[in-house]
Chemist: 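Pasting in a structure now, in structure tokens, and then I'll have a few things to ask.
Numbers here simply count residues along the sequence, with the first being 1.
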Amino acid sequence: MEAQVLYVDHAGHPAPLSLCYHATASRLLSSSIEHRAPPSTTTEVDSAYCPQCLTFHDAASALMLGRCPKPHCRSCPLCEAVLSIAILDDDDDTNESSSTTVCLYKCGYCQWTSQACGIVSTTTEPSESLDKTAIAALTEALGESLETRLSQDNAAPKDHVGTMIEEWRKQAKEEERRKRHGGIALAPSRGSAAKQGRPDSWSMETLEQQLKDRKEQQIVTSNAARLTMGTVKETAISSVSPEQIARQSVLSPKLPMTADELLPIPIALRAKKSRRCRAELAAGRPGILVKPKPNPLEGDSSLRSGHGQWWKKDSSAIHAVPRVRVVRDGSNFEGNHVFLLKVKNPTLGPVRLRFHKPNESVSLAASDIQHSSNGSIVLDQVTCDSIGQHKVTAQMHATCTQNLAPTESVELDPVEDAFLELGRGRNNDPVQVQTWMPRKGTSEGIQFLEQQRDSAWFQLVVTHPSSPMAYETNGKTLPIHLNALSLQLQVEVGNNSWESSLIKPKPPAEGEKHDFVSLDLILVW
């Protein structure tokens, strides 16, 4: 695994910079890490859209619908591929004088068609003469055919539930009637026994015959149920998978037992969420980090304006916070580990920054740490890759960077557009960076190497930590293969530095000439 640099949000969760956010005029970072408590952000659904037809709905409508209501937005019940609508000539039509055209759902991947479950719409017009209006009418009729089938499948469960409610209501009335008469069960009215098929006299012979008949009926019923369930189970296993049955449950409580009972599934809507910083909300500010546009096509090049403007607001940290990454690292064979760090300015204004030793105790969330066998802190299943969501476990070495002296402040130029450099040839790194390698005789600490336009390079040398230990989790002892150390990046605010952050400068701390915003970093290797 390559060495990674993680940023610690205000809730104490280490995360890659691509998962972090920087609220306007805030000195804190937030992240989208939600599987660990407490989260640093909160989300709310603004709207939802269909990924197939790109029709969007507001939050209230999306909550009621859940899935796209259009008849042509359906997925295959077998392979979940998007279904297309096919208009074919009916091959089974024996009457040559009047041909029939069939409209049905068809999967282009597994070749499944809705003709297997009887969901079709027909017309007597030949397929060659159909215009757009006729095709639209056939499509609507196909959707109505599916809705009719669903209403028929859902009618029986609804009637059953209604019958159960009615029986419970009758029992409640009978219990209330019994209580009004002092808890004594009332005798049935005359003739009720004959109506219900009960004998008028309760003789021993009659009771014995009833018990005998009841036992025989129970034996016959149990044998028939056993045979039926066995047949149904074998049919279900051979033709319908559990995943397919689960997908059908969103349509009807009736479980399909054969492939012919599988129905097309409406495509689920996708939510568009806005994200807010919890620390900003607690301070009484909006704290909006991400605010999407309701129309999923806004920002697309197919529209006349607004190309590339996908969000109403996007406070992703990759656009505002200097990015630190490890270019190369290795051992210098003197018990030290050496890192070549690169810092890049992503903003359109100059930024002055420096590295500093971390605080005595980096405030990590309790849900992100464990303790190893020697009592040191262990980062437990921390996300280090925003794309693959790769999680790692690493042992923290707090003593590696406790005595680091702060580096000199380095000013980075505004970011340059990468596309403007395409025609000018390759922008090479400085010679000192190209020829860099871990060498003997390098002293511990962090020092500035080179600066070029919007980038700067630093060299970090730390004492090589002892071999990772083991830690216990859920009653199991697991080995640790990675190491981690903490570092602090300090960005100067004011004096034409980091103006895009809109942070108001404060009086400098004691012994400092300028105001700095401190960002805690975790380096994992």
Chemist: Which value, rounded to the nearest 0.5 Å, describes the distance between Leu523 atom CG and Arg325 atom CZ?
Modeler: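 Going from CG on Leu523 over to CZ on Arg325, the span is 13.0 Å.
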Chemist: With side-chain hydrogen bond (donor to acceptor under 3.5 Å, both in side chains) as the test, would you mind laying out the steps for Ser497 and Asn495 before giving the verdict?
Modeler: CA-CA 6 Å; Ser497 173; Asn495 299 322; over 6 Å; no
Chemist: Taking all non-hydrogen atoms of both residues into account, name the closest pair between Arg74 and Cys68 and its distance.
Modeler: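 For Arg74 versus Cys68, the nearest heavy atoms are NH1-O, 3.5 Å.
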Chemist: Could you name each residue pair satisfying salt bridge (charged side-chain N to carboxylate O under 4.0 Å, His left out) that touches residues 22-32, not counting sequence neighbours?
Modeler: Arg27-Asp515
Chemist: Which residues pass the ring pair (Phe, Tyr, Trp, His ring centres under 6.0 Å) test with Phe355, not counting sequence neighbours?
Modeler: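 So Phe355 forms a ring pair (Phe, Tyr, Trp, His ring centres under 6.0 Å) with Phe458.
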Chemist: Quick one: does Arg36's side chain get under 4.5 Å of Gln381's, heavy atoms only?
Modeler: yes
Chemist: Measuring from Leu78:CG to Cys107:SG, what's the distance to the nearest 0.5 Å?
Modeler: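 Between Leu78 CG and Cys107 SG, I get 7.5 Å after rounding to 0.5 Å.
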Chemist: Please report the closest heavy-atom contact between Ala456 and Phe448, naming both atoms and the distance.
Modeler: CB-CE1, 4.3 Å
Chemist: What pairs with Glu411 under side-chain contact (heavy atoms from CB on, under 4.5 Å), at least two apart in sequence or on another chain?
Modeler: Pro350, Arg352
Chemist: Of the non-hydrogen atoms in Ala25 and Leu502, which two are nearest, and what is the gap between them?
Modeler: CB-O, 3.2 Å
Chemist: Will you find, in the side chains of Asp520 and Gln488, an N or O donor that is under 3.5 Å from an N or O acceptor?
Modeler: yes
Chemist: Is it the case that more than 12 heavy atoms not belonging to Arg149 sit under 6.0 Å from its CZ atom?
Modeler: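 Result for CZ/Arg149: enclosed.
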Chemist: Using the test salt bridge (charged side-chain N to carboxylate O under 4.0 Å, His left out), find all partners of Arg67 that sit at least two apart in sequence or belong to another chain.
Modeler: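 Listed in chain order: nothing, the list is empty.
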Chemist: Counting distance only, does the side-chain N/O of Arg278 pair as donor-acceptor with the main-chain N or O of Pro39 below 3.5 Å?
Modeler: yes
Chemist: With the side chain counted from C-beta on, respond yes when Met396 and Ser486 share a heavy-atom pair under 4.5 Å apart, and no when they do not.
Modeler: yes
Chemist: For Thr139 and Pro71, which heavy atoms make the closest approach, and how far apart are they?
Modeler: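 In this case the closest contact between Thr139 and Pro71 is O-CB, 3.7 Å.
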Chemist: Could you go through Lys342 and Arg323, starting from their C-alpha distance and side-chain angles, then the distance that decides it, and tell me whether this counts as side chain to side chain contact (heavy atoms under 4.5 Å, CB included)?
Modeler: CA-CA 8 Å; Lys342 180 180 180 180; Arg323 180 191 177 190; over 6 Å; no
Chemist: Under the salt bridge (charged side-chain N to carboxylate O under 4.0 Å, His left out) definition, can you give me all pairs with a residue in residues 291-318, not counting sequence neighbours?
Modeler: Asp46-Lys291, Lys293-Glu298
Chemist: Are Arg453 and Glu416 close enough for a salt bridge, meaning some N to O gap below 4.0 Å?
Modeler: yes
Chemist: The criterion is ring pair (Phe, Tyr, Trp, His ring centres under 6.0 Å); which residues satisfy it with Trp436, sequence neighbours excluded?
Modeler: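 Counting only residues at least two positions away or on another chain, Trp436 forms no ring pair (Phe, Tyr, Trp, His ring centres under 6.0 Å).
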Chemist: Is any side-chain heavy atom of Cys76 closer than 4.5 Å to one of Cys110?
Modeler: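 Heavy-atom side-chain distance check passes, below 4.5 Å.
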Chemist: Between Lys70 and Cys53, is there a side-chain heavy-atom distance shorter than 4.5 Å?
Modeler: yes
Chemist: Going by the rule salt bridge (charged side-chain N to carboxylate O under 4.0 Å, His left out), which residues pair with Lys272 if we only count those two or more places apart in sequence or in a different chain?
Modeler: none
Chemist: When you look at NZ of Lys391, are more than 12 heavy atoms from neighbouring residues, nucleotides or ligands closer to it than 6.0 Å?
Modeler: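 It does: Lys391 NZ has more than 12 such atoms within range.
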Chemist: Taking atom types as modelled, is there a side-chain donor on Arg275 or Thr41 under 3.5 Å from an acceptor on the other?
Modeler: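 On atom types as modelled, these side chains qualify, holding a pair under 3.5 Å.
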Chemist: Would you check, one step at a time, whether the test side chain to side chain contact (heavy atoms under 4.5 Å, CB included) holds for Leu269 with Phe56?
Modeler: CA-CA 9 Å; Leu269 299 177; Phe56 62 95; over 6 Å; no
Chemist: List in chain and number order the residues that pass salt bridge (charged side-chain N to carboxylate O under 4.0 Å, His left out) with Glu444, two or more places apart in sequence or in another chain; answer none if no residue qualifies.
Modeler: none
Chemist: Hey, could you give me each pair passing ring-ring contact (aromatic ring centres under 6.0 Å, His included) that has a residue in residues 4-28? Not counting sequence neighbours.
Modeler: His22-Trp498
Chemist: Quick check: does any side chain N or O of Glu80 sit under 3.5 Å from a backbone N or O of Pro77, one acting as donor and the other as acceptor?
Modeler: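 Not a single qualifying donor-acceptor pair exists.
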Chemist: Show, in sequence, the C-alpha distance, side-chain angles and deciding distance for Ser26 and Cys277, and conclude whether the side chain to side chain contact (heavy atoms under 4.5 Å, CB included) test is met.
Modeler: CA-CA 10 Å; Ser26 175; Cys277 175; 5.7 Å; no
Chemist: Determine, stepwise, if the pair Val462 / Leu460 fulfils side chain to side chain contact (heavy atoms under 4.5 Å, CB included).
Modeler: CA-CA 7 Å; Val462 297; Leu460 173 63; 4.0 Å; yes
Chemist: Does a side-chain heavy-atom distance below 4.5 Å link Tyr105 with Ser84?
Modeler: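 They are not in contact (no side-chain heavy atoms under 4.5 Å apart), so the answer is no.
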Chemist: For the residue pair Thr407 and Gln447, confirm or rule out a side-chain donor-acceptor distance under 3.5 Å.
Modeler: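 Distance-only check fails for Thr407 and Gln447.
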Chemist: Can you pull the salt bridge (charged side-chain N to carboxylate O under 4.0 Å, His left out) pairs that have at least one residue in residues 3-13, sequence neighbours excluded?
Modeler: none
Chemist: Is the shortest heavy-atom distance from the side chain of His35 to the side chain of Thr383 under 4.5 Å?
Modeler: yes
Chemist: Checking Glu144 now: which residues fulfil salt bridge (charged side-chain N to carboxylate O under 4.0 Å, His left out) with it, not counting sequence neighbours?
Modeler: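 Glu144: no salt bridge (charged side-chain N to carboxylate O under 4.0 Å, His left out) contacts found.
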Chemist: Any idea which heavy atoms bring Thr24 and Ser315 closest together, and the distance?
Modeler: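 Looks like OG1-OG, 4.5 Å.
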Chemist: Could you grab the distance from atom CG of Leu364 to atom CD1 of Ile377, nearest 0.5 Å is fine?
Modeler: 6.5 Å
Chemist: Nearest 0.5 angstrom please: Asp454 CG to Asp413 CG, how far?
Modeler: 7.5 Å
Chemist: Could you give the distance from OG (Ser316) to CG (Leu17), rounded to the nearest 0.5 Å?
Modeler: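 Going from OG on Ser316 over to CG on Leu17, the span is 9.0 Å.
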Chemist: Arg354 and side-chain hydrogen bond (donor to acceptor under 3.5 Å, both in side chains): which partner among Gln490, Glu408, Glu492?
Modeler: Gln490
Chemist: Using a cut-off of 6.0 Å, state whether more than 12 heavy atoms not belonging to Lys273 lie near its atom NZ.
Modeler: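 No.
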Chemist: Quick one: are Thr55 and His57 in side-chain contact, heavy atoms under 4.5 Å?
Modeler: yes
Chemist: More than 12 heavy atoms of other residues, nucleotides or ligands under 6.0 Å from CD of Gln111: is that the case?
Modeler: yes
Chemist: Using only heavy-atom distances, determine whether the side chains of Ser40 and Ser30 contain a donor-acceptor pair under 3.5 Å.
Modeler: no
Chemist: Side-chain contact test, heavy atoms from C-beta onward, threshold under 4.5 Å: evaluate it for Ser32 versus Leu19 and give yes or no.
Modeler: yes
Chemist: With sequence neighbours left out, what residues match Phe339 under ring pair (Phe, Tyr, Trp, His ring centres under 6.0 Å)?
Modeler: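 Scan of Phe339 (ring pair (Phe, Tyr, Trp, His ring centres under 6.0 Å), adjacent residues dropped) gives His337, Trp525.
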Chemist: Quick one: closest heavy-atom pair of Ser114 and Ile119, and the distance?
Modeler: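 Minimum heavy-atom contact is OG-O, 2.6 Å.
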Chemist: To the nearest 0.5 Å, how far apart are CG in Asp58 and OG in Ser47?
Modeler: 8.5 Å
